[in-house]
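Please read the structure below before turning to the comments.
Lettering of chains follows the sequences in order, A, B, ..., and the numbering in each one begins at 1.
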There are 4 protein chains.
Amino acid sequence: MAGGVVPGVVFGRGGSGAVNDSDQGAVRAARPKRADARRNEKTLLDAAAAVFVASGVDAPVRDIAAKAGVGVGTIYRHFPTRADLIIAVYRHQVEACAEAGPTLLETSATPYEALRRWIDLFVDFLVTKHGLAAVLQSDDAGFDALHSYFLDRLVPVCGRLLDAAAESGEIRPDLEAYGLMRGVGNLCIGADHDPRYDARRLVGLLVEGLRRPD
Amino acid sequence: MAGGVVPGVVFGRGGSGAVNDSDQGAVRAARPKRADARRNEKTLLDAAAAVFVASGVDAPVRDIAAKAGVGVGTIYRHFPTRADLIIAVYRHQVEACAEAGPTLLETSATPYEALRRWIDLFVDFLVTKHGLAAVLQSDDAGFDALHSYFLDRLVPVCGRLLDAAAESGEIRPDLEAYGLMRGVGNLCIGADHDPRYDARRLVGLLVEGLRRPD
Amino acid sequence: MAGGVVPGVVFGRGGSGAVNDSDQGAVRAARPKRADARRNEKTLLDAAAAVFVASGVDAPVRDIAAKAGVGVGTIYRHFPTRADLIIAVYRHQVEACAEAGPTLLETSATPYEALRRWIDLFVDFLVTKHGLAAVLQSDDAGFDALHSYFLDRLVPVCGRLLDAAAESGEIRPDLEAYGLMRGVGNLCIGADHDPRYDARRLVGLLVEGLRRPD
Amino acid sequence: MAGGVVPGVVFGRGGSGAVNDSDQGAVRAARPKRADARRNEKTLLDAAAAVFVASGVDAPVRDIAAKAGVGVGTIYRHFPTRADLIIAVYRHQVEACAEAGPTLLETSATPYEALRRWIDLFVDFLVTKHGLAAVLQSDDAGFDALHSYFLDRLVPVCGRLLDAAAESGEIRPDLEAYGLMRGVGNLCIGADHDPRYDARRLVGLLVEGLRRPD
DNA sequence: GATGAATGAGTCTTCATTCAT
DNA sequence: AATGAATGAAGACTCATTCAT
């Protein structure tokens with residue numbers, strides 16, 4: 001089954017290429033400094049990812065700076081808002097997830113099966129991101145960019161899968177992708193730090209619930 | 001249909017009696033002063049409820065005090081910790097919800113139907129409590145009392161309904177009440193402030209998902 | 001030796017009579033309520049003394065009220081300022097100490113001996129009063145009444161002993177009673193809660209130091 | 001008389017060298033920024049010293065910040081706890097005092113004379129530090145570091161002087177340095193803000209008292 | 001007279017964010 | 001460009017003191 005391939009592709013970090021490269025195609029003489037700035041940004045993202053895992057996505061900026069061995073100013077230079085930083089940290093994985101949608105549709109037995117597996121991928125991603133699911137719900141305006149990014153990137157993909165499954169008659173046709181994504185995201189909140197709570201299981205039930213006709 | 005009765009009773013505030021009343025009918029030297037303190041506490045709870053709706057359950061103490069027109073000290077006097085305040089604010093509704101469980105079991109056509117309706121009750125409660133669902137997930141030790149209260153009060157009720165529905169063969173028997181409650185709670189996060197997100201609908205799907213055999 | 005008598009007299013509480021009675025000689029028809037008010041005041045003083053021992057003389061007013069089983073308002077009615085309360089609590093003992101001066105002068109072998117023993121009395125008193133010695137040094141205006149009381153009552157007594165000892169040629173004649181009292185008071189600070197610090201010993205050395213001619 | 005030399009050296013601030021200087025002569029990549037931070041720290045210490053004189057060592061952090069013309073955060077950055085700040089403020093003088101001990105032993109006519117003069121030095125230091133003597137008695141755990149610092153640094157020095165004087169037969173041999181330091185410290189409490197109280201004089205008498213055989 | 005509820009000033013402490021070096 | 005020092009807004013909590021009942 002081709003399914004086994006996907007996760008590897010998806011979460012290998014770096015899978016989908018130049019997502020974060022902001023200066024390809026610089027026409028003017030390449031600025032020599034750029035090299036270490038790039039290196040610095042990589043360091044930053046790794047540090048942020050590590051701290052996010054340990055303390056959640058709203059960890060103090062200073063902690064991240066310390067972990068990266070840079071000053072806080074450097075973080076602000078590269079990522080003016082926290083949303084920018086979070087997006088950058090998870091961009092590769094989000095992209096990979098988005099790209100996995102069409103692939104799964106092709107490689108799965110049925111559209112519903114593809115949907116199920118794609119959701120699994122998304123859950124796997126979220127469940128390990130301490131606090132990310134929570135911040136995705138925050139109505140703080142500072143996170144608008146973050147919300148937009150996630151939704152713009154993933155909702156259409158989910159929508160396609162949903163439509164396909166509806167067309168094939170496997171699920172009820174009346175659920176918007178947006179709502180499903182939010183629901184799945186919510187179910188992932190707090191999935192770490194509570195061994196008694198199995199988010200994957202609940203998401204499974206939710207997706208199962210889609211099958212029943214209204 | 002008896003079901004229609006329950007919600008009215010449940011969420012009418014004060015429906016289920018003496019939960020928070022600590023001295024009705026006190027025969028002994030009943031301190032006369034309590035009158036205004038009681039009134040004040042009511043004011044406080046109403047203000048807190050209002051502020052919770054507007055700013056979430058972790059709104060600044062001072063905001064709540066201001067809303068109630070009292071000094072912050074008054075709040076600390078009545079509710080030493082934030083958890084105490086939150087519990088007090090929602091106690092009536094939680095109690096009512098808890099008490100509705102057995103009633104629904106009696107008055108519903110099937111155990112599953114009772115479970116479904118009880119969950120609906122719980123969702124109706126949570127959905128309107130901005131931030132409550134979120135704080136119920138917090139791993140901050142200061143909220144332990146809050147967690148305990150909710151779980152102690154509601155999980156057993158839910159467990160009974162779940163067991164009954166499992167015994168009647170309507171649902172798969174392998175989901176713990178704790179997990180279901182957490183899942184439902186999570187699905188309710190952010191349900192206000194986002195018209196595109198219909199928590200009730202998703203919870204409905206989740207409960208629907210229970211019916212399928214594994 | 002008569003000395004043995006003195007401490008008993010001094011610290012027996014109630015030794016010196018009507019010090020705290022504020023209404024003897026009321027010409028108008030005796031107010032009937034006065035009885036329980038008096039009792040209340042006694043309760044208050046005992047409670048304050050106990051709390052002072054446990055938490056120092058700047059213990060929270062509420063603690064004292066709680067210990068006495070009265071409301072804080074009652075304390076403020078009887079003792080408008082903290083200084084008033086402290087004075088009232090220690091009045092008997094201060095009076096007893098003051099009165100012991102002349103007695104000791106008569107019953108001791110020499111004036112210096114009397115001085116030495118009187119100082120011992122004072123130290124015994126202070127050392128057991130957690131925080132009293134410290135507050136006696138505070139330059140907080142709120143304690144002026146307290147300072148005045150202690151000084152007015154004890155400095156003259158000490159002065160008499162000092163003069164007598166100077167006249168008898170046992171000590172240098174150039175130390176003011178005020179300074180000596182303050183010094184002894186200071187040496188008593190923190191004498192409790194530190195077993196390695198022996199205030200009595202140091203006061204002994206200080207008094208010993210008086211003997212040397214300049 | 002060599003004695004005249006010592007006080008000048010001792011209390012000139014900066015007399016004894018590198019105590020607080022943490023990187024003089026740092027050969028490696030010496031962070032250039034440190035310049036203004038260092039200047040700031042100096043400002044801070046001066047401001048703290050001034051406020052301590054005026055309001056005692058437990059003056060509000062904000063007062064110190066205001067006096068120094070910095071934000072409160074700056075103080076917390078440099079001195080995480082109040083004890084840290086107090087220690088820093090007095091470090092130079094404490095060190096100088098400690099170092100004066102051996103010097104005095106060499107340059108004085110007798111060990112007792114050295115002791116006397118060293119105590120004078122200590123008194124000169126303490127008498128001008130409003131509230132320091134008091135806080136040195138506090139049993140608040142937050143001041144443990146402060147206590148330790150003072151004791152670790154000064155008690156051994158005093159002990160050496162005491163031992164020498166005892167060996168030379170000038171004083172009674174049975175007083176611990178710790179007790180003497182505490183006693184002297186206590187006698188210095190409130191020595192400012194009371195012109196009628198001469199701490200130096202009383203300390204003089206205390207030290208005089210040491211000479212008498214038990 | 002007694003009570004204790006209410007008040008609110010005063011402190012501490014944390015962190016996001018800016019900006020001089 | 002990078003640094004990290006400085007800033008100061010925010011929010012929690014305590015307790016002396018007043019005052020309605």
Side-chain angles (χ1 to χ4, degrees), chain A residues 31-34 36-37 40-41 44 58-66 68-78 80-82 142, chain B residues 31-41 43-44 58-66 68-78 80-82 142, chain C residues 31-34 36-37 40-41 44 58-66 68-78 80-82 142, chain D residues 31-41 43-44 58-66 68-78 80-82 142:
Chain A
R31 306 254 205 78
K33 272 293 181 52
R34 221 51 176 236
D36 71 296
N40 217 321
E41 190 159 315
L44 228 40
D58 33 49
V61 177
R62 223 182 308 265
D63 289 1
I64 301 169
V70 304
V72 290
T74 304
I75 293 187
Y76 280 96
R77 164 177 298 274
H78 287 278
T81 75
R82 183 175 291 267
Chain B
R31 300 292 183 75
K33 181 71 71 43
R34 226 50 178 238
D36 73 304
R38 174 84 58 84
R39 189 163 34 254
N40 219 318
E41 187 159 318
T43 307
L44 227 42
D58 34 49
V61 176
R62 228 185 300 262
D63 290 0
I64 301 169
V70 305
V72 292
T74 304
I75 294 187
Y76 282 101
R77 163 182 289 274
H78 287 279
T81 75
R82 183 175 292 270
Chain C
R31 307 256 203 78
K33 274 292 180 56
R34 220 52 174 236
D36 72 297
N40 218 321
E41 189 159 316
L44 227 40
D58 32 49
V61 178
R62 224 183 305 265
D63 290 2
I64 302 169
V70 305
V72 290
T74 305
I75 292 187
Y76 280 95
R77 164 177 297 273
H78 286 280
T81 76
R82 183 176 291 268
Chain D
R31 300 292 184 74
K33 184 70 71 46
R34 227 48 178 241
D36 73 304
R38 176 84 59 83
R39 190 164 34 255
N40 217 318
E41 187 159 319
T43 307
L44 228 41
D58 33 48
V61 176
R62 215 168 330 240
D63 289 1
I64 301 169
V70 304
V72 291
T74 304
I75 293 187
Y76 281 99
R77 163 181 290 272
H78 287 279
T81 74
R82 184 174 292 269

Phosphate-side-chain proximity, D:Thr74 and F:dA5, N/O vs OP1/OP2 below 4.0 Å: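 For F:dA5, OP1/OP2 do not have a side-chain N/O of D:Thr74 under 4.0 Å.
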Phosphate OP1/OP2 of F:dA2 contacted by A:His78 side-chain N/O (<4.0 Å):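 Checking A:His78 against F:dA2: at least one side-chain N or O falls below 4.0 Å of OP1 or OP2.
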Where C:Val61 and C:Ile75 come nearest, the two heavy atoms and their spacing: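 Heavy atoms only, the tightest pair is O-CD1, 3.9 Å.
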Rounded distance (nearest 0.5 Å) linking atom NE2 of B:His78 with atom CG of B:Asn40: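 If I round to the nearest 0.5 Å, the distance is 5.0 Å.
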Spatial distance of atom CZ (A:Arg77) from atom CG (A:Leu44) [nearest 0.5 Å]: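 CG of A:Leu44 is found 12.0 Å from CZ of A:Arg77.
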Consecutive-pair stems (at least three Watson-Crick or G-U pairs, under 3.5 Å) that include DNA chain E: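 Consecutive-pair runs (3 or more) involving DNA chain E: E:2-21 with F:2-21.
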F:dA1 base / A:Arg77 side chain donor-acceptor hit below 3.5 Å: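 When only heavy-atom distances are counted, A:Arg77 does not reach the base of F:dA1 through any donor-acceptor pair under 3.5 Å.
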Touch class at under 4.0 angstrom, heavy-atom based, for D:Gly69 against every strand present: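 Sugar-phosphate, backbone atoms only, no base.
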Euclidean distance, atom [atom1] of residue [X] to atom [atom2] of [N] [Å, nearest integer]:
| X | N | atom1 | atom2 | value |
| --- | --- | --- | --- | --- |
| A:Glu41 | F:dA2 | CD | P | 10 Å |
| D:Ile64 | E:dT13 | CD1 | P | 12 Å |
| B:Leu44 | E:dA5 | CG | C1' | 12 Å |
| A:Ile75 | F:dT3 | CD1 | P | 10 Å |
| D:Asn40 | E:dA20 | CG | P | 14 Å |

Nucleotides 12-19 of chain F: protein proximity per nucleotide (B base, S sugar-phosphate only, - neither; heavy atom, under 4.0 Å): BBB-BBB-
Options F:dT7, E:dA5, F:dA5, nucleotide nearest the side-chain atoms of D:Val70: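 The answer is F:dT7, which lies nearest to the side chain.
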Set of residues satisfying side chain to side chain donor-acceptor pair (under 3.5 Å) with respect to B:Thr43, sequence neighbours excluded: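 So B:Thr43 forms no side chain to side chain donor-acceptor pair (under 3.5 Å) with any residue.
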